[in-house]
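Only a predicted model underlies this, so the values are computations on that prediction, with no experimental measurement involved. For reference, positions follow the sequence shown, starting with 1.
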Amino acid sequence: NAFNSSTFSRPRNRYRGYYEDYGFDAEEVREILESLLEKARFYIRHENLNEAILIAQKLIEIIPDEWDANFDYEGDVQVMYDEAIDLLEEMLTENMLSNEQKESLFKWYEKESVNNKHEYVGLNTDLGVLEKHFTTGVEGGFERVLRMIEQRITNPNEYEKQQAVLEKIHLLEKHHHDEEAEKTIEEYLYFPDVRKIKLSRLLNHEQYDAAIQLINKGIKIAEKKNVPGIVRSWKESLLSIYERLDNREKIIEISKEMFTSGWEQKKYYHALKKITPKEEWDKMLEWILKNI
């Protein structure tokens, strides 16, 4: 009703003739939805949590069905979607819910979260922020959340798959399933962000040779995939290691590579100037001028 009561139409030219474009007034819709959220907060204050949960759920379910970015230029309605999620997360974070209420909310989340209509609706949050709260306090919560994440790992979209793998690793580590977390890292080392986790561990243990080998393999994968940004990032990590080791020859070699790539030439000019002995600077400067 909030959307329907603020409906308007306007004629738009579409190559030939005109057609009616039906939309909504985002500010009007927001005002009505704000009153619903305020009602939910009223119920929370008076410990009628079931009703508050229901209002938040319905906002989360219905807004994606009616929302259209073409009519919500300032994100007014998106903010209402975000606040409904925030309301549920607040109740979970503050441990306001009984185990029965939490189980009921989790069952709703299991069903609702897999609906693609929720993609790109949130302005500053995502329905997925609720997931971590269900690993405890509900029967088999950890295993159920893990299954949901593993299902997302089957996503053919590489970015989405990588994010799901990272979620799995963090979940396993948080619940002290360290061996399984390590296996997952090794299985998905071809993802840059997963390789970075492995790199961080090696550096923490000062295993520099293994770290250099790990980075070099990452560079080869990124070059094969033709992702120059990732190649550059790995080379910066490699440079950082050689700086720790005070390996002047390698620092110059990588700085030269970065300079000739054209990325942040001023930065690598200064790096080369800093490490080059005075008596060798003229020769280095000649090389720099040739490679600008």
A.B. asks: With sequence neighbours excluded, what pairs up with Phe3 under the ring-ring contact (aromatic ring centres under 6.0 Å, His included) test?
C.D. replies: Phe24

A.B. asks: Does Leu123 have any side chain to side chain contact (heavy atoms under 4.5 Å, CB included) partners at least two apart in sequence or in another chain, and if so, which?
C.D. replies: Gln78, Val79, Asp82

A.B. asks: Distance-only criterion, 3.5 Å: show the donor-acceptor pairs between side-chain atoms of residues 171-191 and protein atoms not counting sequence neighbours.
C.D. replies:
unit_1 : atom_1 : unit_2 : atom_2 : d
Glu173 : OE2    : Arg201 : NH2    : 2.0
His175 : NE2    : Thr135 : OG1    : 3.4
Glu182 : OE1    : Arg201 : NH1    : 2.4
Glu182 : OE2    : Lys198 : NZ     : 3.4
Thr184 : OG1    : Glu180 : O      : 2.9
Glu186 : OE2    : Lys198 : NZ     : 2.7

A.B. asks: Give every donor-acceptor pair under 3.5 Å between a side-chain atom in residues 33-43 and any protein atom, sequence neighbours left out.
C.D. replies:
unit_1 : atom_1 : unit_2 : atom_2 : d
Glu34  : OE2    : Arg30  : NE     : 3.3
Ser35  : OG     : Ile32  : O      : 2.5
Arg41  : NH2    : Glu83  : OE1    : 3.0

A.B. asks: Not counting sequence neighbours, which residues clear salt bridge (charged side-chain N to carboxylate O under 4.0 Å, His left out) with Glu286? List them please.
C.D. replies: Lys290

A.B. asks: Going by ring-ring contact (aromatic ring centres under 6.0 Å, His included), name the residues that satisfy it together with Tyr120, two or more places apart in sequence or in a different chain.
C.D. replies: none

A.B. asks: Any pair with a residue in residues 157-166 that passes side-chain hydrogen bond (donor to acceptor under 3.5 Å, both in side chains), sequence neighbours left out, goes on the list, sorted by first then second residue, please.
C.D. replies: Glu158-Lys225

A.B. asks: Please list all pairs meeting ring-ring contact (aromatic ring centres under 6.0 Å, His included) that have one or both residues in residues 202-253, counting only residues at least two apart or in different chains.
C.D. replies: none

A.B. asks: Scan for salt bridge (charged side-chain N to carboxylate O under 4.0 Å, His left out) pairs involving residues 259-277, sequence neighbours excluded, and state none if there are none.
C.D. replies: Glu264-Lys267

A.B. asks: With sequence neighbours excluded, what pairs up with Phe134 under the ring-ring contact (aromatic ring centres under 6.0 Å, His included) test?
C.D. replies: Phe106, Tyr109

A.B. asks: Pairs in or reaching into residues 87-97: which pass salt bridge (charged side-chain N to carboxylate O under 4.0 Å, His left out), with residues at least two apart or in two chains?
C.D. replies: Glu89-Lys132

A.B. asks: Got a sec, which pairs hit salt bridge (charged side-chain N to carboxylate O under 4.0 Å, His left out) with one end in residues 206-219, sequence neighbours left out?
C.D. replies: none

